[in-house]
Amino acid sequence: MKILGIGNAIVDVICKVNDGFIEENNLTKSTMKLFFDENEFKNLLRSLKIEKTVSGGSVANSIVGLSQLGDQVGFIGKVSDDNFGGKYEEGLKKENVEYFYSKKKEELPTGTCLILVTPDSERTMCTFLGTAGKINENDVSSDAIKKSEMIFLEGYLWDEGEPKKAFEKAINNANKVAMSLSDQFCVDRHKLNFLNLVKNKLDITFANEQEITSLIEAKNFSEVIDFSKQLNKLIVITRGEKGAVAVRGEKIFEIDVQKNLKILDLTGAGDLFAAGFLHGYINQLSTKECLEKGNEMSSKVIQQIGARL
């Protein structure tokens, strides 16, 4: 298998809202808020009109993108044997993703993420991790990891306790490791752990400018570039309308964004960018071509609603 993704198995529930809804519910636009109270989360969901539901989660979106590009891929993520759990499994199988997880009835329901899309196409996410956040080392197959050329992890998965052990088991058994830093709040919560991973454990790190700037507490982007050069690993940074940059040792590769796109929804832009880049990487394309493939995939997904092509 080319790439095995390990991440939070979450059903995306996409809803259109206005800016007032974001303010009324004390949400911060364009970020992800974790809900720990199931009832509070359900109350928010009740007040919304659902546009569509998709089996999501950041890494799962990337893995589906890779499958659509013809790569042999798999995914590990924890769901419960409930309605959303069944939908989740079906969604992956339909996309030819090998799902290395046998669902059973769990105490908590399958994880759900409300994706609130405002008129400016920005997305604000409200996530109830449910059983996804209870992934442990027994849920992660060493055999599947060893048989994969690379694993792809998400920062969202990292949490103290059982998920951290699952994460470490995956890294210790992997041939190569790529990871997305996921979200600025995530970076702020786990700064020292993430810095250690980026410096010592990861072969490829994906981040947006905001996340990596926060990680190293940089004053400007040139400090980010200097930090990345010293690592002698592959650091891939998306910069919104400024395009994307990949740094490998002293070499810097840059690409501009595609112009004149009719942007409908930015959900999944980073996930599909990672899919395109990793597709290039495992098929031995040049770093510049990997960036171009990432750009092509993210440009497609932002011109539609939802994080899947």
Side-chain angles (χ1 to χ4, degrees), residues 1-5 58-73 95-97 121 123 148-154 176-182 198 202-213 221-222 224-229 231-309:
M1 190 162 45
K2 290 287 188 183
I3 297 185
L4 175 68
S58 177
V59 160
N61 292 337
S62 302
I63 291 295
V64 167
L66 280 155
S67 178
Q68 290 169 341
L69 287 167
D71 300 308
Q72 195 190 357
V73 289
E95 294 287 358
N96 296 320
V97 173
S121 304
R123 82 262 190 260
S148 308
E149 289 178 27
M150 173 184 281
I151 61 168
F152 184 36
L153 302 163
E154 60 187 67
K176 276 194 172 167
V177 186
M179 176 176 143
S180 152
L181 295 187
S182 295
V198 171
L202 307 179
D203 299 289
I204 305 175
T205 301
F206 290 94
N208 65 27
E209 186 172 349
Q210 199 183 13
E211 289 154 6
I212 197 147
T213 301
F221 195 64
S222 60
V224 170
I225 296 292
D226 291 342
F227 165 81
S228 303
K229 279 180 173 177
L231 293 178
N232 210 15
K233 289 165 180 279
L234 191 48
I235 308 291
V236 186
I237 306 157
T238 53
R239 306 188 68 199
E241 56 208 26
K242 294 181 196 153
V245 179
V247 183
R248 183 181 234 153
E250 288 297 312
K251 291 183 179 163
I252 300 169
F253 307 87
E254 292 187 65
I255 189 168
D256 291 326
V257 290
Q258 289 187 20
K259 300 281 189 285
N260 304 319
L261 299 177
K262 189 168 183 288
I263 299 172
L264 288 182
D265 173 16
L266 292 166
T267 310
D271 304 339
L272 270 291
F273 180 89
F277 190 97
L278 288 171
H279 169 77
Y281 183 87
I282 57 177
N283 289 290
Q284 274 95 48
L285 300 187
S286 69
T287 305
K288 185 74 188 266
E289 287 170 318
C290 292
L291 282 173
E292 284 164 356
K293 196 69 190 169
N295 208 11
E296 180 193 315
M297 292 292 277
S298 64
S299 297
K300 277 183 188 169
V301 82
I302 61 177
Q303 295 183 81
Q304 57 161 54
I305 298 283
R308 299 271 171 95
L309 293 173

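The structure presented is a predicted model; accordingly, all values stated were derived computationally and were not measured.
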I need the [X] [atom1] to [Y] [atom2] distance, nearest 0.5 Å.
X    : Y    : atom1 : atom2 : result
E254 : T287 : CD    : OG1   : 13.5 Å
I151 : L4   : CD1   : CG    : 7.0 Å
E154 : S62  : CD    : OG    : 8.5 Å
K2   : L69  : NZ    : CG    : 13.0 Å
I63  : Q68  : CD1   : CD    : 11.5 Å
K233 : L202 : NZ    : CG    : 7.0 Å

**OP:** Using the test side chain to side chain contact (heavy atoms under 4.5 Å, CB included), find all partners of K229 that sit at least two apart in sequence or belong to another chain.
**Re:** I225, V247, E250, I252

**OP:** Take T238 and V245 through the test side-chain contact (heavy atoms from CB on, under 4.5 Å) and record every step on the way to the result.
**Re:** CA-CA 6 Å; T238 53; V245 179; over 6 Å; no

Subject >> Closest approach of A207 to I212 (non-hydrogen atoms, all atoms of both residues) >> reply: CB-CB, 4.0 Å

Original post:
Nearest heavy-atom pair of V59 and G5: which atoms, and what distance?
Top reply: CG1-CA, 3.5 Å

Flag side-chain contact, heavy atom, 4.5 Å: [X] against [Y]:
X    : Y    : value
M150 : L278 : yes
E292 : I255 : yes
L234 : T205 : no
L153 : V177 : yes

Polar contact flag, side-chain donor to acceptor under 3.5 angstrom, [X]-[Y]:
X    : Y    : value
E211 : N208 : yes
D71  : N283 : yes
T213 : Q210 : no

Original post:
Do we get R239 above F221's six-membered ring, with its NZ or CZ under 6.0 Å from the centre and within 45° of the axis?
Top reply: yes

**OP:** Apply the test side chain to side chain donor-acceptor pair (under 3.5 Å) to residues E289 and S286: give CA-CA distance (whole Å), side-chain angles for both, the deciding distance (0.1 Å), then the verdict.
**Re:** CA-CA 5 Å; E289 287 170 318; S286 69; 3.1 Å; yes

**OP:** Ignoring hydrogens and angles, tell me if any N or O in the side chain of N295 forms a donor-acceptor pair with the backbone of F273 under 3.5 Å.
**Re:** no

**OP:** Start with the C-alpha gap between S180 and F152, add the side-chain angles, then the distance that decides, and say whether side-chain contact (heavy atoms from CB on, under 4.5 Å) holds.
**Re:** CA-CA 8 Å; S180 152; F152 184 36; 4.1 Å; yes

Original post:
In a check of side-chain contact (heavy atoms from CB on, under 4.5 Å) between F277 and each of L291, L285, I282, which one passes?
Top reply: L291

Subject >> Reference residue D271; test side-chain hydrogen bond (donor to acceptor under 3.5 Å, both in side chains); the match among S58, S182, S298 >> reply: S58

Original post:
Of the options K176, E149, K293, which is the one that meets Y281 in a side-chain hydrogen bond (donor to acceptor under 3.5 Å, both in side chains)?
Top reply: K176

